[in-house]
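Remarks on the structure that follows.
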Amino acid sequence: MSETEKDVAPTEETTEIDAVRDNILTALESVIDPELGIDIVNLGLIYGIDLNDEGLCHIKMTLTTMGCPLSDLLNEQINQSLSEVPEVKDVDVELVWYPAWSVDKMSRYARIALGIR
């Protein structure tokens with residue numbers, strides 16, 4: 001543990017922020033890529049999550065391939081899943097293509113489920 005880490009104790013605010021972020025990630029785990037049968041979090045498609053004070057949740061994500069025909073379906077499912085998180089009032093999904101998605105971004109669980117080593 002570095003000197004900086006010793007001096008910085010988690011505050012109640014950071015603990016609450018972490019809990020909300022965990023709730024958002026848990027909700028996003030219910031969004032399944034229909035082609036692969038794995039959720040978008042474990043596939044490594046989520047690049048960033050930001051929730052502002054007004055409850056706008058900005059999701060920065062990518063898709064496995066550019067031009068994926070499932071973007072509208074996934075966007076709809078993301079909005080539906082995040083409607084279950086009380087702190088989220090509105091959702092903005094931003095599709096990004098950099099860095100490019102690769103199997104390296106998948107979790108160990110997703111790799112095992114898909115038979116990738």
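If you read the sequence from its start, that first residue is 1, and numbering goes on from there. Below, all heavy atoms of this structure are taken into account, side chains as well, without hydrogens, waters or symmetry copies.
Placement of Ile32 and Ile78 in two distinct hydrophobic clusters is found when ILVMFWY residues are connected by side-chain heavy-atom separations under 4.5 Å, directly or transitively. A single hydrophobic cluster is not seen to contain both Tyr98 and Ile40; linkage of ILVMFWY side chains at heavy-atom distances under 4.5 Å, directly or through other members, places them apart. Hydrophobic clustering (ILVMFWY, side-chain heavy atoms < 4.5 Å, transitive): Tyr109 and Ile116 are in one cluster.
Between Glu54 and Lys89 there is no side-chain heavy-atom pair separated by less than 4.5 Å. Residues Lys105 and Pro99 meet the side-chain proximity criterion, which asks for heavy atoms closer than 4.5 Å. A heavy-atom distance below 4.5 Å is found between the side chains of Ile49 and Cys57. Side-chain contact check for Leu70 versus Leu63: every heavy-atom pair is 4.5 Å or farther apart. The shortest side-chain heavy-atom distance between Val20 and Leu51 falls under the 4.5 Å cut-off. Side-chain contact between Val103 and Met106: present, with at least one pair of heavy atoms (C-beta onward) separated by less than 4.5 Å. Val88 places a side-chain heavy atom less than 4.5 Å from the side chain of Ile24.
Here the CG atom belonging to Leu95 is positioned 10.0 Å from the CE atom belonging to Met66, to the nearest 0.5 angstrom. Atom CG of Asp18 sits about 10.5 Å away from atom CG of Leu25, to the nearest 0.5 Å.
In the displayed structure, Gln80 atom CD is contacted under 6.0 Å by at most 12 heavy atoms of other residues, nucleotides or ligands.
Under the 3.5 Å distance criterion, the side-chain polar atoms of Trp101 are matched with a main-chain donor or acceptor of Leu43. The main-chain N or O of Asp50 is never found under 3.5 Å from a side-chain atom of Arg21 such that the two would form a donor-acceptor pair. Side-chain atoms of Asn52 come within 3.5 Å of backbone atoms of Leu56 as a donor-acceptor pair (strictly under, hydrogens ignored). Side-chain N or O atoms of Thr62 include none that pairs as donor or acceptor with a backbone N or O of Trp97 at under 3.5 Å.
In this structure, the side chain to side chain donor-acceptor pair (under 3.5 Å) partners of Asp39, at least two apart in sequence or on a different chain, are Asn42. For Ser30, there are no side chain to side chain donor-acceptor pair (under 3.5 Å) partners, not counting sequence neighbours.
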